[in-house]
Amino acid sequence: MGSDYKKTLNLPRTDFPMKAGLTTREPQQLAAWEKDHLYARIQEARKNAPPFLLHDGPPFANGDVHMGTALNKILKDLVVKSKTMAGFRAPFIPGWDCHGLPIEFKVVKEKAGLTPVQIRQRSEAYARKYIDLQREQFRRLGVFGDWDHPYLTLDPSYEADILRSFAVFIEKDLVYRSKRPVLWSYGAQTALAEAEVEYKDKESPAIHVAFEITASPVLPTNASVVIWTTTPWTLPANLAIAVSPKHTYSAQNFTKDGETRTLVLAADRAASFSAETGWMPQGEGQTFSGAALEGTITRHPFLDRPAPVLTADFVTMDTGTGCVHIAPGHGADDFQLGKARGLDILCPVDDLGLFTEECGVTAWVGKPVFAANPLVVEYVKSKGALLGVTSYQHSYPHCWRSKTPIIFRTVEQFFIRIEALRADALKAIKATKWIPDWGLKRITGTVESRPDWCISRQRSWGVPLPVFYRPDGEPILDANVVRRVADLVEKRGTNAWFEMSDPELAAMFGLPAGTTKGHDTLDVWIDSGLSHQAVLRRRPELAYPADLYLEATDQHRGWFQSSLITAMGIEGTSPYKTCLTHGFVVDVDTREKISKSAQGGYQKPTDAMHFVEKSGADLVRLWVSSVNFTDDVPFSEEMFNRLGDAYRRIRNTLRILLGNLHDYDPSAATEPTAIDRWVLARLAEVENTCRDAYEKFEFHRVYHALNQFCAVDLSSLYVDITKDRMYCHATENPRRRAAQAAMHEILSSLTRLLAPILAFTAEEAWSYFRPGISVHMELFPEKRIADPEALADGDRLLQIRALVSQALEKARAEKVITNNLEAAVTLQLADANERERWSSRLPELEEFLILSELHLEPGGEVTATISKTSAPKCERCWRHRGSVGQSATHPTLCDRCVAAVTL
RNA sequence: GGGCCUGUAGCUCAGUUGGUUAGAGCAUGCGCUUGAUAAGCGCAGGGUCACUGGUUCGAGCCCAGUCAGGCCCA
């Protein structure tokens, strides 16, 4: 009997599956989009719309897409998709950064003895392999863009634009050549990057050396300043001594073997000096602040020149004497100090690590520096300057390839003058919008303090630094020649530079015989930093400047800065209007960067595809949308699993709406109630919140607004409340039709608002709602005002509902009722107007509270009293109603249901 | 060591110009439902707002310091 009446109900009907099956459904969806040329169709549809240009920062073509990379690309996609749906033309041209050491390093490690041309061939193959791999993975994540025509920094046209930009730098006199210290492998005869250095234990002679004072504002002139060094071979290049301005120094008598000397060193280091050398302190010393020692002049222990005492912050008290031997040609700190204080940059060592004439001791010329160590020690001793010699075990950098110890030496490099650009760059920074706003301070700080930009690298896998050298070794910096090289590169790629011989190139560009090409490449930050020229200025669908650059916070010093500096040199304006940064993905348990915590035994999965294959791209996208990305982005597998619940809730909400709309008729007569007006007002609020949040790139606000709307407003309220109407009322009942009208509007808005985030699921739902049209071609709902009266009504009803729910729960605990529909509820309302209002619309209130029987009474406080109803249960709608039994044909139904089944 | 930033329930987020018992969703527990059913609904528990000190009639919010973490430098 009951099952017969069940057939008369309007239960939800839809083929939209409850189970998502994203891992199989998404690839099908992708194929369909692909076949449809959806990206191209969207661009075509928006071709006359105002543009919003997000310019993709190129990831390095190396490795799989991990969660950090996925975060970045999905955020960009959220921008592109939401701007598109907000009515903009938002093209996305993805790019890759292809040159650079990490690739060259891998290639060279695989096979030794390659020529530069071979290294470049293998590096290109390597880069292209990972471009293809990453492209497939980005696509799989549902990121829309012109994947068939990305920009690659190894494209000949891109490389040519780099060279043309370089020509502009030359014209504007922004390029110069100067010495700079580098890590040098004399074994491989090349400069090395940090990554190519291996640290190994090494035993070095450690010596204490006395520098006699020749003049001093404070120190006694019969004293000597004591330095300590583990690289005696750098003494010929000594030009100064550095002391810490913050520490205390003493001048004190020391004796050893009957000899007494007055020595100056840091007070804190005296004890270990004595222990290591056997020189014992005598009597009381005089103390001085390090700052007071400035102005003291000492004499080099074996060369006829002075070594002034200078103060420097980098001097520490960890080892040595607190007095640091300074050789500007052989150390980074030394070099900086030397430059700042106007010292020479003396570097008497050649490519092979052999002393040159400049070392000042004829006998040492041509000797390998490490082999010369004992000679230097002996010489210092012979001059009476040696206070002690020990052997010192330390971790010392070695060349990964030749395994030889590394030396610091200065070589000629090319630089871009930052000073000429700094003031304008700082102005442009102020005119740019930074999100979050502290980005302004951060990039201002880096640009203010940044030294000149060293742009030359002694590498093969890169764009050649387009410089020729005259026979006398002088570089030829000629913009016109560089432009002609660019034209060559445009046709043949930069390989031409490496493949063609010096005479061929000289002949081609009309340079005198004997001219040679340079072997340096450009810093890869020049490559990516010039994308505003090679991409924004070149692609017809793009323009200069971009509306938005969006990268991780490390790019304040990286791409944001390199792009800005190069743009100042060429355009004089900023290449972007807004810069948006996101944090790094961190492990939620340790709050450490995910790549760090992955070190050691158990490796937590961090590849994006691991999660795509496990749960689907929409889950990864939902994760991206759910977090506040301006800080570090928390991540854990558990958190990811939790998001699955949120996803299912949203999916089921879409499903029930679709199910309830199976017989939707837009022309049907409707009769909306308070709850219908309320839910539409709430929808308007949610729409406005989402539009605003998308506009401000605050995607987590979209996520939370939509998640709560689905979970609370729809699932636990509106859908639950309207079930009785939807299922039990006659099909054409105007209130039922009103609920459908509301649900239709809700589904339409909700799906479109979800579309940028749940790109696949929204499309799937839309295919049931509007078959044949992609949701990604649609626009967001228009801005509108949420009816304040309807909202206020709803708030009041919710208060009453909370009260009644508590009372019902209590009654259930006391076994008065088990099911809410068994309850007869008496509601005491103090406000006579309110009582009056709802008395006339009691059925609406009953519906809202999902009750069988409700009575209103005057009272003080608002309270609800529960008793068990005496009315019989309607077999069709399960409500207990007095009218059950009145119909002869349907004795087990209430009057409403009788009417519904007899229609 | 320096610059910039972060720290609110188990998790993700709200907390308006400092103002009554700090909010929401998820998760958890206990019920209800079996006509969204590998679904749905209700109720409940859970936070000395990183820590310490200060300004104030009053601080999650302002100030100083400490601790933890991040990015970039050194």
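All of these numbers come straight from a predicted model, not from anything done at the bench. Hydrogens, waters and symmetry mates are skipped; everything else that's a heavy atom, side chains included, is used. The sequence lines fix the lettering, A, B, ..., with proteins before strands; numbering per chain opens at 1.
Counting to the nearest Å, the C1' atom of B:G23 and the CZ atom of A:R701 are 16 Å from each other. The nearest whole Å value for the distance from the CZ atom in A:F560 to the C1' atom in B:C71 is 13 Å. Atom P of nucleotide B:G2 and atom CD of A:E448 are separated by 18 Å, given to the nearest angstrom. One can place OH of A:Y718 at 16 Å from P of B:A36, the figure rounded to the nearest angstrom. Residue A:L798 contributes atom CG, which lies 14 Å from atom C1' of B:A24 at whole-angstrom precision. Atoms CG (A:L622) and C1' (B:C26) sit 12 Å apart, rounded to a whole Å. Between the CG atom of A:D645 and the P atom of B:A24 there is a distance of 20 Å, given to the nearest Å. Summarising the geometry, the separation between CD1 on A:I443 and P on B:C73 is reported as 13 Å, rounded to the nearest angstrom.
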Open item on the list: Counting primed atoms plus P, OP1 and OP2 as sugar-phosphate and everything else as base, spell out the protein contacts along nucleotides 39-46 of chain B at 4.0 Å heavy-atom distance: B, S or - for each nucleotide, 5' to 3'.
Closed with: SSSBSS--
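Between A:H704 and A:D333, the residue anchored nearer the 5' end of RNA chain B, judged by the nucleotide with its closest heavy atom, is A:H704. With the nearest nucleotide of RNA chain B identified for both A:N707 and A:D554, A:N707 has the one nearer the 5' end.
Annotation: A:F584 is not in aromatic contact with A:F629 [ring centroid separation under 6.0 Å not met].
Using modelled atom types and a 3.5 Å distance limit, the side chains of A:T869 and A:E853 yield a donor-acceptor pair. When only modelled atom types and interatomic distance are considered, A:T8 and A:R876 share a side-chain donor-acceptor pair under 3.5 Å. Residues A:N628 and A:E698 bring no donor and acceptor atom of their side chains to less than 3.5 Å of each other. With 3.5 Å as the limit, one finds no donor-acceptor pair spanning the side chains of A:R735 and A:H729.
Remark: RNA chain B takes part in the stems B:1-7 with B:67-73, B:10-13 with B:23-26, B:28-32 with B:40-44, B:50-54 with B:62-66, each of 3 or more antiparallel Watson-Crick or G-U pairs, criterion distances under 3.5 Å.
Under the 6.0 Å distance and 45° angle rule, A:R450 counts as a cation-pi partner of A:W453. A:R701 forms no cation-pi arrangement with A:Y694, by the criterion of a distance under 6.0 Å to the ring centre and an angle within 45° of the ring axis.
Within the 4.5 Å cutoff, the side chain of A:L622 has heavy atoms near those of the A:Y703 side chain. Two residues are said to be in side-chain contact when any heavy atoms from C-beta on lie closer than 4.5 Å; A:K441 and A:W434 fail this criterion. Two residues are said to be in side-chain contact when any heavy atoms from C-beta on lie closer than 4.5 Å; A:L661 and A:L658 fail this criterion. Between A:W623 and A:V585 there is a side-chain heavy-atom pair separated by less than 4.5 Å.
In this model, a side-chain donor or acceptor of A:R442 finds a partner on the base of B:C71 within 3.5 Å.
By the stacking rule of 5.5 Å between ring centres and under 30° between planes, A:W878 stacks on the base of B:G35.
Comparing B:U52 with B:A44, their P atoms are spaced 32 Å from each other, to the whole Å. Between B:U55 and B:G18, the distance separating the two C1' atoms is 12 Å to the nearest Å. Spacing of C1' atoms, B:U34 relative to B:C41, comes out at 12 Å, to the nearest Å. Taking atom C1' in both B:U66 and B:U6, the straight-line distance is 16 Å, to the nearest Å. Taking atom P on both B:G60 and B:C49, the two are 8 Å apart, rounded to the nearest angstrom. Using P as the reference atom, B:C51 and B:G42 are 34 Å apart when rounded to the nearest Å. Rounded to whole Å, the C1' atom of B:A50 lies 14 Å from the corresponding atom of B:A9. Separation of the P atoms belonging to B:C13 and B:A68 is 24 Å when rounded to the nearest angstrom.
When the nucleotides B:U12, B:C5, B:A36 are ranked by their closest atom to the side chain of A:D631, B:C5 comes out on top.
Put simply, A:Y727 has a side-chain N or O that comes within less than 4.0 Å of OP1 or OP2 on B:A36. At the phosphate of B:C4, neither OP1 nor OP2 sits under 4.0 Å from any side-chain N or O atom of A:K441.
Among the heavy atoms of the strands lying under 4.0 Å from A:H700 are primed sugar atoms or P, OP1, OP2 only; no base atom is included.
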